[in-house]
Amino acid sequence: MLRVSYSELFDTLLRALLKLGLEHERAIRCAKLFADTDRDGVYTHGLSRFPRFVTMIQNGRIDIHAAPELLKSSGPLERWDGRIGPGNLNAYQCMERAIVLSRQYGIGCVALANTNHWMRGGSYGWQAADADVIGICWTNTLPNLPPWGASDPRVGNNPLVIAVPRAKGHVVLDMAMSQFSYGALASYRLRGEMLPVDGGFDADGKLTRDPGAIETSNRSLPIGFWKGSGLALMLDLVAAILADGKATHEIPAIPEHENGQSQVFLALNPAALSDAASEASPGVRIADLVIEYFQLPPNSTGERVRYPGEQVLKTRKENLADGVPVDPSILQQLQSM
């Protein structure tokens with residue numbers, strides 16, 4: 001891996017997006033979302049996803065000029081049409097709208113239909129936490145996860161994000177319903193590494209740590225076995241119903257054609273329930289106490305248990321100081337644009 005400064009990565013992405021035809025302000029936001037993903041160490045969903053993003057623009061699956069449109073609203077609940085615009089821009093705008101609604105109602109819920117892959121789902125959890133609200137969001141995907149007891153993919157790995165703001169470091173859980181995302185499987189395979197734990201089934205139906213075998217069989221292992229399979233189904237149902245959009249079985253199963261996803265963005269504003277005379281929300285104190293208890297005592301090696309999002313903050317600091325690791329071949333493709 002080659003290390004480049006964050007500013008160089010951002011500028012290169014911005015120039016490529018402008019070349020593709022994105023309007024300047026939208027290109028800035030899109031470039032930042034891609035660059036921030038690699039800055040934070042989520043290398044499977046940043047620069048490495050950019051070639052597919054370009055392919056989907058070229059094959060018409062992404063309309064770079066489309067922006068989300070409000071269809072219906074009922075108080076803090078809204079339904080939007082993504083109009084097949086860039087998935088990360090659609091997701092950012094809808095979480096921003098949910099945050100605005102939470103300032104007014106204490107809660108905001110935006111359901112989004114007809115959108116594209118949102119890239120790194122955690123981006124919108126950090127977005128909510130940075131705005132001092134609790135953020136919950138999820139998306140359905142193409143069918144890439146067999147239901148428990150079946151051998152063919154019929155549910156999506158439907159990433160779920162839950163974020164809680166905290167001055168000492170936001171707590172952000174970003175997880176797919178599969179033990180490993182397909183981006184993570186590809187990353188392990190390209191590094192020539194086996195998975196640390198069983199991640200799916202091979203062609204013979206045996207549990208395996210071989211990422212390539214799981215990609216070939218398309219039989220990833222659900223988190224919690226039948227529990228993850230059931231949760232994936234429920235996330236798909238709620239997103240498709242609230243958005244009045246596509247469910248997993250209606251989304252094209254070819255990654256380069258995957259679009260039309262349904263997504264949900266929730267913002268919960270604890271300050272709406274706080275005493276106006278208090279200087280800080282009780283949630284701040286509660287979050288600190290929970291994390292303090294979670295991390296004590298140290299484990300057998302003398303290290304603290306990490307909370308979700310802690311490693312992101314550490315990686316972010318390192319990559320801003322030392323440069324962001326990138327795949328030289330993908331960076332070269334980007335620069336050639």
Side-chain angles (χ1 to χ4, degrees), residues 1-14 28-50 88 91-92 95-96 99 118-135 137 159-176 180-181 183-184 187-188 190-191 193 196 280-281 283-299 301-328 330-331 334:
M1 298 290 277
L2 172 71
R3 284 189 179 266
V4 300
S5 69
Y6 174 85
S7 60
E8 180 183 347
L9 176 60
F10 170 80
D11 289 343
T12 305
L13 284 160
L14 177 59
I28 289 175
R29 173 61 59 194
C30 192
K32 188 175 189 307
L33 287 166
F34 272 109
D36 286 359
T37 298
D38 284 285
R39 175 203 65 188
D40 288 353
V42 190
Y43 307 116
T44 56
H45 286 71
L47 184 62
S48 65
R49 287 291 178 114
F50 198 80
N88 54 4
Y92 185 90
M95 179 55 85
E96 195 66 26
I99 293 168
W118 65 3
M119 303 303 160
R120 172 204 182 192
S123 298
Y124 320 110
W126 289 95
Q127 176 187 356
D130 284 342
D132 290 325
V133 301
I134 295 169
C137 55
L160 170 67
V161 178
I162 304 175
V164 175
R166 197 173 73 103
K168 296 180 181 179
H170 304 324
V171 185
V172 182
L173 176 69
D174 178 3
M175 55 178 276
F180 295 90
S181 71
S187 180
Y188 274 98
L190 292 171
R191 295 198 305 268
E193 298 178 8
S281 167
V284 174
R285 177 179 54 83
I286 292 170
D288 284 341
L289 289 173
V290 168
I291 296 303
E292 181 181 343
Y293 177 77
F294 181 80
Q295 294 190 310
L296 292 176
N299 61 27
T301 64
E303 298 177 349
R304 293 186 314 168
V305 174
R306 290 202 308 260
Y307 62 82
E310 185 175 9
Q311 184 63 33
V312 167
L313 295 173
K314 180 175 181 290
T315 303
R316 180 185 298 177
K317 183 178 180 180
E318 291 174 354
N319 286 349
L320 287 175
D322 302 332
V324 181
V326 298
D327 184 324
I330 298 178
L331 184 64
L334 196 62

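Model, not experiment: these values are computed from the prediction. Quick note: numbers below take in every heavy atom, side chains included, and nothing from hydrogens, waters or symmetry partners.
Applying side chain to side chain contact (heavy atoms under 4.5 Å, CB included) to Tyr307 and the options Ile291, Val290, Leu173 leaves one that passes, Ile291.
Looking at Thr37, its side chain never comes within 3.5 Å of a backbone N or O of Val42 through a donor-acceptor pair. In this structure, Ser187 contributes its side chain and Gly183 its backbone to no donor-acceptor pair below 3.5 Å.
To the nearest 0.5 angstrom, His170 atom NE2 is 7.0 Å from Asp132 atom CG. One distance of note links CG of Leu320 with OG of Ser5; it measures 10.0 Å at 0.5 Å rounding. How far CG of Asp288 is from NZ of Lys168: 4.5 Å, rounded to the nearest 0.5 Å. To the nearest 0.5 angstrom, Arg304 atom CZ is 10.5 Å from Glu292 atom CD. Rounded to the nearest 0.5 angstrom, Arg306 CZ and Leu313 CG are separated by 11.5 Å. Taking CG of Leu13 as the reference point, atom CG of Asp38 lies at 8.0 Å (rounded to 0.5 Å).
No side-chain heavy atom of Thr315 sits less than 4.5 Å from a side-chain heavy atom of Asp40. Residues Phe294 and Val305 form a side-chain contact, since some pair of their non-hydrogen atoms from C-beta on lies under 4.5 Å apart. Looking at Pro325 and Leu2, their side chains never come closer than 4.5 Å, going by heavy atoms from C-beta outward. Put simply, the side chain of Pro308 does not reach to within 4.5 Å of the side chain of Met175, judged on heavy atoms.
With respect to the salt-bridge test (charged N to carboxylate O, under 4.0 angstrom), the residues Glu318 and Lys314 qualify. Using a 4.0 Å cut-off between a side-chain N of Lys or Arg and a carboxylate O of Asp or Glu, Arg39 and Asp36 qualify as a salt bridge.
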Item to complete: Give the intermediate values and the outcome of side chain to side chain contact (heavy atoms under 4.5 Å, CB included) for residues Ser123 and His45.
Response: CA-CA 11 Å; Ser123 298; His45 286 71; over 6 Å; no
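In terms of heavy-atom proximity, Gly122 sits nearest to Val172 at O-CG1, 4.4 Å. Contact detail for Phe10 and Ile28: the closest heavy-atom pair is CE1-O, 3.6 Å. Residues Ala129 and Ala163 share a closest heavy-atom pair of CB-CB, 4.4 Å. Contact between Arg120 and Asp174 at its shortest, heavy atoms only, is CG-OD2, 4.1 Å. Across every non-hydrogen atom of Cys137 and Gly121, the tightest pair is SG-O, 4.3 Å. In plain terms, the two heavy atoms of Glu8 and Val4 that are nearest each other are OE1-CB, 3.8 Å.
The side-chain tip of Arg316 points at the ring of Trp126 from less than 6.0 angstrom away and within 45° of straight on.
Judged as a side-chain contact (heavy atoms from CB on, under 4.5 Å), and not counting sequence neighbours, the contacts of Asn88 are Cys30, Leu33, Phe34, Pro86, Met119, Tyr124.
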